[in-house]
Amino acid sequence: MPAFDVVRRWKGRIVFDRDGHQIGPVVEIYYDAETDQPGWALLELDQTRGQTSFVPLAGASEQAESIRVPYERGRVWRAPGMPPTGRLWPQDEAALYHYYDLEYTGASLVDLDELQDGESNGVIDPLDDPVRVGPAARWLLDDEDPS
């Protein structure tokens, strides 16, 4: 995993997939609650009018003035995203781990105590409904292999 002092310089840089296809610029960097390291980049997807997606930073590398991630562009484009001013909640992060087929222990779910069950965190899901804390799914993830 790249160090935080390296990753924080990545905001605004263009991200390319494993095959060299452009995905879009880094809008924000988020800490990974599971590892307490910079773990996720929120990307603005090229040519989508502000749509965003998360991509893990594990395995990402600098190449000149751009960033390369070890994922296929289509998979990143289909990944969950959120407004750049949103907070990446632990249950959202768990869904991202699942989406990218990464191991997740669930140890960071202690942040769930910050909101009451059913309270909105202000984020809108793909169905334009407020995303709420609780037992309901926060993102609708397709179980099909996106690669």
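When reading the values below, keep in mind they use all heavy atoms of this one structure, side chains included, and skip hydrogens, waters and symmetry mates.
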What pairs with Arg9 under salt bridge (Lys or Arg N to Asp or Glu O under 4.0 Å), at least two apart in sequence or on another chain?
Glu62
Considering all heavy atoms, the nearest Ser53-Ala79 contact:
OG-O, 3.1 Å
Checking the side chain of Gln22 only, and the main-chain atoms of Gly24 only, is there a donor and an acceptor separated by less than 3.5 Å?
no
Check the pair Tyr97 / Trp40 against ring-ring contact (aromatic ring centres under 6.0 Å, His included), numbers first and verdict last.
CA-CA 10 Å; Tyr97 269 85; Trp40 302 97; 5.6 Å; yes
Sequence neighbours excluded, which residues qualify as side-chain hydrogen bond (donor to acceptor under 3.5 Å, both in side chains) partners of Arg68?
Gln63
Do you know the tightest heavy-atom contact between Tyr30 and Gly86?
OH-O, 3.2 Å
How many angstroms lie between atom CG of Leu96 and atom OH of Tyr104, to the nearest 0.5 angstrom?
10.0 Å
Who passes ring-ring contact (aromatic ring centres under 6.0 Å, His included) against Phe16, sequence neighbours left out?
none
Without swapping roles, check the side chain of Asp17 against the backbone of Asp19 for a donor-acceptor pair under 3.5 Å.
yes
Under the side-chain contact (heavy atoms from CB on, under 4.5 Å) test, residues paired with Pro25 that sit two or more places apart
Ile14, Glu44, Asp46
Closest non-hydrogen atoms of Met82 and Thr52, given as atom of the first, atom of the second and distance, are O-OG1, 2.8 Å
Please enumerate all residues that pass side-chain contact (heavy atoms from CB on, under 4.5 Å) together with Pro84, with sequence neighbours excluded.
Val27, Leu42
Arg75 side chain reached by Asp101 side chain, heavy atoms, under 4.5 Å
yes
Test side chain to side chain contact (heavy atoms under 4.5 Å, CB included) applied to Val69 and Val55, Leu57, Leu43, the passing residue:
Val55
Please evaluate residues Phe54 and Tyr100 with respect to the criterion ring-ring contact (aromatic ring centres under 6.0 Å, His included), reporting the C-alpha separation (whole Å), side-chain torsions for both, the decisive distance (0.1 Å), and the verdict.
CA-CA 10 Å; Phe54 280 103; Tyr100 282 102; 9.3 Å; no
Heavy-atom nearest pair, Ala60 first then Ile67, reads CB-CG2, 4.2 Å
Out of curiosity, His98 NE2 to Glu103 CD, how far, rounded to the nearest 0.5 Å?
14.5 Å
Got a sec, which residues hit side-chain hydrogen bond (donor to acceptor under 3.5 Å, both in side chains) with Glu28, two or more places apart in sequence or on another chain?
Lys11
Please give me the minimum heavy-atom distance between Pro70 and Gly59, naming the atom from each residue.
CD-O, 3.6 Å
Measure from NZ or CZ of Arg73 to the centre of the six-membered ring of Trp77, then state whether that distance is under 6.0 Å and the direction lies within 45° of the axis.
yes
